[in-house]
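Note sheet for the following structure.
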Amino acid sequence: MKNEKIKILVVDDEPDILEILTVNLENEGYDIFTAKNGKKALKIADTVLPGIIILDLMMPILDGIETCQRLRLDKRFKDSVIIFLTARGEEYSHIAAYEAGADDYITKPVKPKVLVSKIKAILRRSSILKDKVEVLEFEDLMIYPEEYKIQILGKFKILPRKEFELLYLLASKPEKIFRRDQIMDLVWGDHVVVGDRTIDVHVRKLREKLVNRFIGTQKGVGYKFFK
């Protein structure tokens with residue numbers, strides 16, 4: 001079944017990649033817009049408000065990381081799906097992408113069928129999260145799923161998407177130990193190869209924002225949320 005004209009902004013400085021992805025995504029029923037650098041992408045995004053943004057990591061004028069960070073600072077793109085294209089396979093590059101607010105990444109050379117599959121999987125996960133409108137309440141902590149926001153000790157904080165999804169997963173079942181493979185599947189998707197380092201970085205950042213409360217470690221197994 002065709003998609004209901006979801007707008008996708010594809011950003012890459014390589015014309016061949018723009019052309020290949022445009023053709024394949026249009027065939028899937030998406031409405032495609034393109035840009036060759038981050039600066040142009042921000043202008044187009046401001047006009048068309050895309051639901052999905054595919055960003056090359058390395059670009060002239062404004063790279064993908066900074067472009068993603070600027071988009072995430074704009075509340076209009078809070079729910080937009082952002083996917084990075086990268087020719088770099090190092091884990092620290094992937095961590096940097098997630099910390100900037102990305103939902104996923106795909107390594108070049110891009111296989112259009114793989115990208116389409118990732119988009120569909122992310123949209124399914126996003127849809128499931130949106131259905132979870134229940135505000136979770138604990139002592140000194142409130143979790144607001146519609147806004148990717150928490151209130152800790154009376155202070156509000158907006159969390160990056162992956163940090164929020166990880167926290168919501170753990171907090172949805174207090175005291176349950178989530179194995180690392182479960183976290184990878186439920187937060188990043190089973191089609192994404194995420195190393196332990198990526199999960200650990202997200203947990204560390206969450207702990208800092210939660211003033212070192214609520215998240216516990218089961219050594220050699222995974223993590224849990226405790227009240």
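A quick note: this is a predicted structure, and the numbers were derived from the prediction, not measured.
- Note: Phe156 and Tyr144 have tilted aromatic rings, judged against thresholds of 30 and 60 degrees for the angle between ring planes.
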For this session: Please report the C-alpha distance between Asp16 and Glu14 in whole Å, then the side-chain angles of each, then the deciding distance to 0.1 Å, and finally whether the side chain to side chain contact (heavy atoms under 4.5 Å, CB included) criterion is met.
Result: CA-CA 6 Å; Asp16 290 347; Glu14 297 183 46; 5.5 Å; no
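- Under the 4.0 Å criterion applied to side-chain N and carboxylate O atoms, Asp12 and Lys108 are assigned as salt-bridge partners.
- The one candidate from Ile83, Leu25, Asp31 that meets the side-chain contact (heavy atoms from CB on, under 4.5 Å) condition with Ile8 is Leu25.
- With contacts defined as side-chain heavy-atom distances shorter than 4.5 Å, the pair Val81/Ile119 does not qualify.
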For this session: Go through Glu175 and Lys227 one step at a time and tell me if the salt bridge (charged side-chain N to carboxylate O under 4.0 Å, His left out) criterion holds.
Result: CA-CA 8 Å; Glu175 304 301 331; Lys227 300 180 182 179; over 6 Å; no
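- Atom CD of Gln182 has more than 12 neighbouring heavy atoms from other residues, nucleotides or ligands inside a 6.0 Å radius.
- More than 12 non-hydrogen atoms from other residues, nucleotides or ligands lie less than 6.0 angstrom from NZ of Lys7.
- Ring centroids of Tyr105 and Phe84 are separated by 6.0 Å or more, keeping the two rings apart.
- Classification of Lys205 and Asp200 as a salt-bridged pair fails, no side-chain N sitting under 4.0 Å from a carboxylate O.
- Few gaps surround NZ on Lys176; more than 12 heavy atoms of other groups in view lie less than 6.0 Å from it.
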For this session: Kindly indicate, with the supporting measurements, whether the criterion ring-ring contact (aromatic ring centres under 6.0 Å, His included) is fulfilled by Phe178 and Tyr223.
Result: CA-CA 5 Å; Phe178 284 89; Tyr223 295 100; over 10 Å; no
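- Looking at every heavy atom in both residues, Lys40 comes nearest to Ala35 through CG-CB, 3.9 Å.
- Put simply, the side chain of Asn37 does not reach to within 4.5 Å of the side chain of Asp13, judged on heavy atoms.
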